[in-house]
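Atom set for the values below is all heavy atoms of this structure, side chains included, hydrogens, waters and symmetry mates excluded. Throughout, numbering of the chain's residues begins at 1 and tracks the sequence.
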Amino acid sequence: MYQLELDPNVISFREQPITMQVTVNGKAHRYTPDLEVMTKRGKVIEEIKPAQRVAEYAELFDAVSRAFEDAGIPFVVITDTEIRRRPYMDNVSYLLRFRYFDLDEPMVACVRRLVRPRRIATFLDLKQAFSEADLPAWGPWALLAHSALSIDLEAPIVDASPVSLNEEICRCLP
């Protein structure tokens with residue numbers, strides 16, 4: 001669920017949203033999915049399972065997928081392997097601690113001045129701009145955590161990492 005908190009395409013999510021009846025091999029089964037995710041593109045139902053157990057639930061997941069497909073809702077099975085991939089998960093876990101830091105107008109103005117003319121800057125450029133403007137050193141991390149900036153979370157975040165401005169998010173900030 002950490003990934004959902006940092007995904008700018010996710011509007012909201014809730015755990016175990018419904019319980020439904022599905023039929024597998026002529027037998028009725030109760031099924032409760034793990035997550036309902038509201039994205040900018042619509043609703044998605046997600047099931048999270050250990051990779052080694054997905055095969056044993058294949059028939060159930062096929063029946064569930066068909067039921068949601070009939071309702072026009074995508075159903076996705078996500079494995080622990082996908083969730084725990086590195087360095088993505090390390091980056092997300094680290095950034096989450098900065099979600100609770102408030103962004104203020106000077107921070108957003110600083111990043112707009114730096115990134116907008118170039119379209120892309122490096123993480124080092126951002127840290128230096130914050131230092132020169134006497135802004136908090138945690139600011140660049142908080143901007144990433146609030147999705148005001150985009151960075152490749154699939155790679156380690158280093159000084160040379162390119163960052164770009166998320167205009168849609170920045171319009172909503174101070």
Side-chain angles (χ1 to χ4, degrees), residues 1-18 32-51 73-174:
M1 286 187 286
Y2 289 152
Q3 295 93 325
L4 299 175
E5 297 216 18
L6 286 182
D7 188 335
N9 295 309
V10 172
I11 297 166
S12 64
F13 63 91
R14 60 186 181 130
E15 296 178 49
Q16 300 185 326
I18 60 168
T32 304
D34 290 321
L35 295 167
E36 174 187 78
V37 182
M38 290 301 300
T39 72
K40 292 178 181 177
R41 293 183 176 167
K43 185 187 301 188
V44 178
I45 301 296
E46 295 183 354
E47 177 66 32
I48 301 167
K49 278 283 179 260
I73 302 170
F75 174 75
V76 180
V77 177
I78 299 170
T79 68
D80 58 332
T81 305
E82 294 170 277
I83 291 172
R84 292 190 177 107
R85 69 188 187 275
R86 296 182 104 168
Y88 181 84
M89 194 59 204
D90 296 332
N91 289 335
V92 168
S93 296
Y94 186 74
L95 287 175
L96 274 178
R97 41 185 111 170
F98 296 98
R99 284 290 286 208
Y100 304 102
F101 287 66
D102 290 329
L103 302 179
D104 61 20
E105 197 281 323
M107 287 183 203
V108 176
C110 179
V111 79
R112 283 183 177 133
R113 281 192 306 276
L114 175 68
V115 179
R116 187 173 280 148
R118 299 186 205 180
R119 291 280 189 235
I120 295 177
T122 66
F123 196 60
L124 177 61
D125 295 333
L126 193 59
K127 292 191 309 188
Q128 288 174 336
F130 268 64
S131 176
E132 290 166 10
D134 283 329
L135 292 170
W138 52 261
W141 296 103
L143 286 160
L144 288 170
H146 285 275
S147 301
L149 292 172
S150 297
I151 197 165
D152 181 6
L153 294 176
E154 297 290 346
I157 299 173
V158 296
D159 285 345
S161 297
V163 294
S164 59
L165 190 62
N166 184 336
E167 293 281 356
E168 181 181 345
I169 300 293
C170 281
R171 277 193 293 275
C172 301
L173 296 174

To the nearest 0.5 Å, what is the distance between [atom1] on [X] and [atom2] on [Y]?
X: Leu95; Y: His146; atom1: CG; atom2: NE2; value: 10.5 Å
X: Glu36; Y: Glu46; atom1: CD; atom2: CD; value: 10.5 Å
X: Gln16; Y: Thr32; atom1: CD; atom2: OG1; value: 6.0 Å
X: Tyr94; Y: Ile157; atom1: OH; atom2: CD1; value: 9.0 Å
X: Ile78; Y: Ile83; atom1: CD1; atom2: CD1; value: 6.0 Å
X: Ile11; Y: Leu4; atom1: CD1; atom2: CG; value: 12.5 Å

Kindly indicate whether the side chain of [X], heavy atoms from C-beta on, has any atom under 4.5 Å from the side chain of [Y].
X: Thr122; Y: Asp159; answer: no
X: Lys43; Y: Val37; answer: no
X: Leu149; Y: Leu126; answer: yes
X: Phe130; Y: Leu143; answer: yes

Quick check: closest heavy atoms across [X] and [Y], and the distance to 0.1 Å?
X: Glu47; Y: Asp34; answer: OE2-OD2, 3.0 Å
X: Pro140; Y: Ala137; answer: CD-O, 3.4 Å
X: Leu144; Y: Ser150; answer: CD2-C, 4.4 Å
X: Ser161; Y: Ile151; answer: CB-CD1, 3.7 Å
X: Pro33; Y: Pro17; answer: O-CD, 3.5 Å
X: Met107; Y: Asp102; answer: CE-O, 4.0 Å

**Q.** Side chains of Glu82 and Thr79, donor plus acceptor under 3.5 Å
**A.**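 Yes, a side-chain donor-acceptor pair sits under 3.5 Å.
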Q: For the pair Phe98 and Trp141, name the ring-plane relationship: parallel under 30°, tilted 30 to 60°, perpendicular over 60°.
A: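 The rings of Phe98 and Trp141 lie parallel, inter-plane angle below 30°.
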Q) Can you list every salt bridge (Lys or Arg N to Asp or Glu O under 4.0 Å) pair that touches residues 85-100, not counting sequence neighbours? A)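 Passing the test, one end in residues 85-100: Arg85-Glu154, Arg86-Asp90.
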Q: Using the test side-chain contact (heavy atoms from CB on, under 4.5 Å), find all partners of Arg84 that sit at least two apart in sequence or belong to another chain.
A: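 Per chain and number, Arg84 pairs via side-chain contact (heavy atoms from CB on, under 4.5 Å) with Asp80.
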Q: Tell me, please, which residues at least two apart from Asp152 pass side-chain hydrogen bond (donor to acceptor under 3.5 Å, both in side chains).
A: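 Result, side-chain hydrogen bond (donor to acceptor under 3.5 Å, both in side chains) vs Asp152: none returned.
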**Q.** Any donor-acceptor pair under 3.5 Å from Ser131 side chain to Lys127 backbone
**A.**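 Checked: no pair found.
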